[in-house]
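The block underneath contains the structure these notes are about, expressed in structure tokens.
Lettering follows sequence order; numbering is per chain, from 1. Note: hydrogens, waters and symmetry copies are ignored here, and every other heavy atom, side chains too, is used.
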Number of protein chains: 2
Amino acid sequence: MLSKKSQYAFKALEYLTERYKQGPVLISEISKKKKIPLKFLENILLELKKAGILDSKKGKGGGYFLSKDPAKVKVATIVRLVNGPIAMLPCVSLYFYERCKHCDEKKCGLHDMMIEVRDASLGILENRTLKDLAS
Amino acid sequence: MLSKKSQYAFKALEYLTERYKQGPVLISEISKKKKIPLKFLENILLELKKAGILDSKKGKGGGYFLSKDPAKVKVATIVRLVNGPIAMLPCVSLYFYERCKHCDEKKCGLHDMMIEVRDASLGILENRTLKDLAS
DNA sequence: TCAATTCCCTACCAACCTGATAGACTTAAA
DNA sequence: TTTAAGTCTATCAGGTTGGTAGGGAATTGA
């Protein structure tokens, strides 16, 4: 399941997508409109900024805004960033791969199945963007 | 990601599938062969028993065994039982559904996408059984 | 009937994660 | 130089995860 943090992140990104190229948006505005605890949202937005998804401006008239075209930001990227691995096992994860300790990947039945599940999910998440989310 | 508990559960079930209809298998044997902490495994097997997946016999010559044909036990069932929801959001879960607090399911972009992801995953997990896992 | 064997049950624990808050600091505009 | 913002560090309660301890209950067989 996506963490609450991830759900908040998506809500905030949806809001910012709707306001793409309309100047900085206040954290407090997003917080109110999307009903996300202010200080928690701060952390999330900051993380998204550090990852290059968002950019910000300080001081009066400041706020957050998308740093690139929402049609170019994949949902899969956000999930990985905020929520972690998409795969159900470390040994089938593309971005968070870890070798199985006590099981040979070549003859592990779970392994192959979970690769299928991963690819099925990625087939969707890699082909949807923030723009799809907001429309 | 599947919890370690879930991974242990699948390993144990794989072992029991290989020994289907060959009499009870000791917890300690599964523990050794599959390298699963004994007491932790006890809990897991007990839970699987209570859910009707396994059955057991006490005393000498006792142990655990599958209570039905491994070809009839879906992987999806085990995942839900031991790991929880398969869907990425409560509001798109079939077995663990919860209404979204601050978002209208009808116009929530995430919602529709996550239904697709869920169905893609279920397309696999609902159509594989313990038997597929072991072979 | 008694002892050995095996699962069953309750309780507990440390470590970590999650969701959230507090407060001070920095930058920039007016 | 005041005010409006984002930035940073720290902290916290509560829950989950992975795992352990120890005795109880049922079954077998001698």
Side-chain angles (χ1 to χ4, degrees), chain A residues 1-12 16 23-32 34-67 79 81-85 88-90 96 98 101-102, chain B residues 1-12 16 23-32 34-67 79 81-85 88-90 96 98 101-102:
Chain A
M1 298 275 269
L2 292 180
S3 63
K4 220 156 181 180
K5 181 177 165 192
S6 305
Q7 296 179 51
Y8 287 156
F10 276 114
K11 283 191 189 181
L16 290 173
V25 181
L26 294 182
I27 301 179
S28 57
E29 181 185 340
I30 306 173
S31 165
K32 259 185 212 160
K34 290 296 183 177
K35 286 166 181 147
I36 303 169
L38 181 75
K39 296 296 278 181
F40 197 18
L41 180 58
E42 275 188 19
N43 299 333
I44 296 169
L45 296 181
L46 194 52
E47 196 177 329
L48 289 169
K49 177 186 171 174
K50 284 178 180 164
I53 309 290
L54 299 180
D55 213 337
S56 65
K57 235 187 129 213
K58 286 184 181 178
K60 189 161 196 179
Y64 275 99
F65 47 96
L66 285 168
S67 66
V79 172
L81 189 63
V82 187
N83 206 71
M88 297 186 86
L89 290 176
F96 298 83
E98 273 177 64
K101 299 256 185 318
H102 301 304
Chain B
M1 296 276 270
L2 291 181
S3 63
K4 218 155 181 182
K5 182 178 166 192
S6 304
Q7 297 178 52
Y8 288 156
F10 276 113
K11 281 191 191 181
L16 290 173
V25 182
L26 293 181
I27 302 179
S28 58
E29 181 185 340
I30 306 173
S31 165
K32 258 184 213 161
K34 290 297 183 177
K35 285 165 181 149
I36 304 170
L38 182 76
K39 296 297 276 180
F40 197 18
L41 181 58
E42 273 189 20
N43 300 332
I44 297 169
L45 296 181
L46 196 52
E47 197 178 329
L48 289 170
K49 177 186 172 174
K50 284 177 180 165
I53 309 290
L54 298 181
D55 212 335
S56 66
K57 236 189 127 208
K58 286 184 181 176
K60 190 161 195 179
Y64 274 98
F65 48 95
L66 285 168
S67 66
V79 173
L81 188 65
V82 187
N83 206 71
M88 297 185 87
L89 290 176
F96 299 83
E98 275 176 62
K101 299 258 186 318
H102 302 302

Over how many whole Å does the gap from A:Met1 atom CE to D:dT17 atom P extend?
-> 12 Å
Roughly how many Å is it from NZ in A:Lys49 to C1' in D:dA5, rounded to a whole number?
-> 12 Å
Report the distance from atom CG of A:Leu46 to atom P of C:dC25, rounded to the nearest whole Å.
-> 18 Å
Residue pair B:Val25/A:Lys60 against DNA chain C: nearer the 5' end by closest nucleotide is B:Val25
To the nearest 0.5 Å, atom CG of A:Asn43 lies from atom OH of A:Tyr8 at 12.5 Å
D:dC8 phosphate, OP1 or OP2: any side-chain N/O from A:Lys50 under 4.0 angstrom?
-> yes
A:Pro90 side chain near B:Gln7 side chain, heavy-atom distance below 4.5 Å | yes
Can you find a side-chain donor-acceptor pair between B:Ser6 and B:Ser3 that sits under 3.5 Å?
-> yes
For atom CD of B:Glu29 and atom P of C:dC7, their distance in whole Å = 10 Å
Check whether the side chain of B:Lys4 and the base of D:dG19 form a donor-acceptor pair under 3.5 Å.
-> no
Does A:Lys57 make a side-chain N or O approach to OP1 or OP2 of C:dT27 shorter than 4.0 Å?
-> no
Hey, which of these two, B:Ile27 or B:Asn43, hits DNA chain C nearer its 5' end, going by closest nucleotide?
-> B:Ile27
Report yes if at least one side-chain N or O of A:Tyr8 is closer than 4.0 Å to OP1 or OP2 of C:dA20; otherwise report no.
-> yes
A:Leu26 near the nucleic acid: base, sugar-phosphate alone, or nothing, with a heavy-atom cut-off under 4.0 Å?
-> sugar-phosphate
Main-chain N/O of B:Gly63 paired to B:Ser56 side chain as donor or acceptor, under 3.5 Å | no
Interatomic distance, B:Phe40 CZ vs C:dT10 P [rounded to whole Å] = 18 Å
Would you call B:Lys39 and B:Glu42 a salt bridge, taking side-chain N to carboxylate O under 4.0 Å as the test?
-> yes
In whole angstroms, the gap separating P of C:dC9 from CD of B:Glu47 amounts to 13 Å
Within the modelled atom types, does a donor on one side and an acceptor on the other bring the side chain of A:Lys39 and the base of C:dG23 under 3.5 Å apart?
-> yes
Does A:Ser3 place a side-chain N or O at less than 4.0 Å from the phosphate oxygens OP1/OP2 of C:dC17?
-> no
Atom pair distance, as rounded to whole Å: CD in B:Glu42 and C1' in D:dG24 | 12 Å
Here the distance between atom C1' of D:dG29 and atom NZ of B:Lys58, to the nearest Å, is 18 Å
